[in-house]
Q: 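The structure under discussion is supplied below as structure tokens; questions concerning it will follow.
A quick note: this is a predicted structure, and the numbers were derived from the prediction, not measured. To find a chain, count down the sequence lines: A is the first, B the second, and so on, and within it residues start at 1.
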2 protein chains.
Amino acid sequence: MTQKIGLEHLLCFEVYAASHAFNKLYKPLLEPLGLTYPQYLVMVALWGRDGQSVSEIGAALELESSTLTPLIKRMEQAGLVQRQRDAEDERRVRVSLTDRGRALEAQAAHVPVCAGQATGLEFEQIEALRQQIADLRKALLARGDSAC
Amino acid sequence: MTQKIGLEHLLCFEVYAASHAFNKLYKPLLEPLGLTYPQYLVMVALWGRDGQSVSEIGAALELESSTLTPLIKRMEQAGLVQRQRDAEDERRVRVSLTDRGRALEAQAAHVPVCAGQATGLEFEQIEALRQQIADLRKALLARGDSAC
DNA sequence: TGCGATTGAATCGTGTGCGATTTAAATTGC
DNA sequence: GCAATTTAAATCGCACACGATTCAATCGCA
């Protein structure tokens, strides 16, 4: 017979649980900044390049507009970003940082440092693991359609 | 200055995105079984040991009762499990498989095989990566409270 | 024995996530 | 130059996920 597989042997479950664990770790770090974890990722994207469109942010985060639109609207309500239609292409909505949003970058500088420490890993180990998971993610997305 | 960090260098983001990628991969595999991914995890737990309480399932999956209660109720509606108060301790709710729920195990046997193939990794590589992420998860949960 | 503390589920409110659909704007074909 | 198609956001419905709270059952201990 094929070996019965438990949760403790599923890579997918480990990734799922690790994702929740990161979320729990970030929550108290981001709460003082008034950010949720996905909102923090949007901020990281915008700190890297301001004025991206919703779909560009979606490409960077691998999220759909149906997820991002309400999320970004909440960030706009919080005064962190501004949304405006692109004059060149009225279909696009550009998201740009407010002064408050820009100022938050300095206040959030410690966040990735804290998170890195919490992993209990050295920088090189983190990077190596990150790369392995990045390769895994690419494989999953590529072979997702070719079923089995 | 401290190096500005982008999404492409954050381990947490990679895990977050990989979790979504797994979800996308599993969706078409589980759809024919009438299961969502978290529901599938509950089934795996119950196939391993039937009749667990909500909190035991929660411990295995690292989920709260506020997440599991409605999820399991949906599974009950679908006729996969049955919920009943424990006679020994009326606070506990035991979740047991129905015949249909038990029968689903055979129909789902290919799921982890398909997922394994989609990773593009050999069994030993999967297990090695799984172990690394398991260690990471434990570190994150352990150091979460000791802030920084 | 009795009662305060603890435990196990459930409930509630908020915030993701996504597939399907809709709407409006831009692009393509002919 | 205009109809058909494509593209970008937004909307809608559904299903997690969690913290805070509630409620009932059990436990602990004087």
Q: Within this structure, what is the OH-to-C1' distance between A/Tyr26 and D/dC18, rounded to whole angstrom?
A: 19 Å
Q: Would A/Glu90 and A/Arg85 satisfy salt bridge (charged side-chain N to carboxylate O under 4.0 Å, His left out), going step by step from the backbone distance to the final call?
A: CA-CA 6 Å; A/Glu90 292 277 346; A/Arg85 291 275 165 188; 5.5 Å; no
Q: Determine, for nucleotides 10-16 of chain C in 5'-to-3' order, which nucleotides have protein heavy atoms under 4.0 Å from the base (write B), from only the sugar-phosphate (write S), or from neither (write -).
A: BBB--SB
Q: Roughly how many Å is it from CG in B/Leu63 to C1' in C/dA9, rounded to a whole number?
A: 15 Å
Q: Any non-hydrogen side-chain atom of B/Met75 less than 4.5 Å from a side-chain atom of B/Leu71?
A: yes
Q: OG/B/Ser19 to NE2/A/His20 distance, rounded to the nearest 0.5 angstrom?
A: 6.0 Å
Q: Pairing check on D/dC23: which nucleotide meets the Watson-Crick or G-U wobble criteria with it, both distances under 3.5 Å?
A: C/dG8
Q: List in chain and number order the residues that pass ring-ring contact (aromatic ring centres under 6.0 Å, His included) with B/Tyr37, two or more places apart in sequence or in another chain; answer none if no residue qualifies.
A: A/Tyr16, B/Tyr26
Q: Report yes or no: does A/Ser53 contribute a side-chain atom to a donor-acceptor pair with the main-chain N or O of A/Arg92 at less than 3.5 Å?
A: no
Q: When the distance from NZ of B/Lys27 to C1' of C/dG17 is rounded to whole Å, what number comes out?
A: 8 Å
Q: Go nucleotide by nucleotide along DNA chain D from the 5' end; which of A/His20 and A/Ser53 gets its closest nucleotide reached first?
A: A/Ser53
Q: With the criterion being N/O to N/O and under 3.5 Å, what pairs connect the protein with nucleotides 23-28 of chain D, and how long is each?
A:
from	atom 1	to	atom 2	distance (Å)
D/dT26	OP1	B/Glu90	N	3.1

Q: Measure the CD-CG distance between A/Gln82 and A/Asp50 for me, rounded to the nearest 0.5 Å.
A: 10.0 Å
Q: I'd like to know whether B/Leu63 forms a side-chain contact (heavy atoms from CB on, under 4.5 Å) with B/Ile57, so could you lay out the CA-CA distance, the side-chain angles of the two residues, the decisive distance to 0.1 Å, and finally the verdict.
A: CA-CA 8 Å; B/Leu63 293 174; B/Ile57 297 171; over 6 Å; no
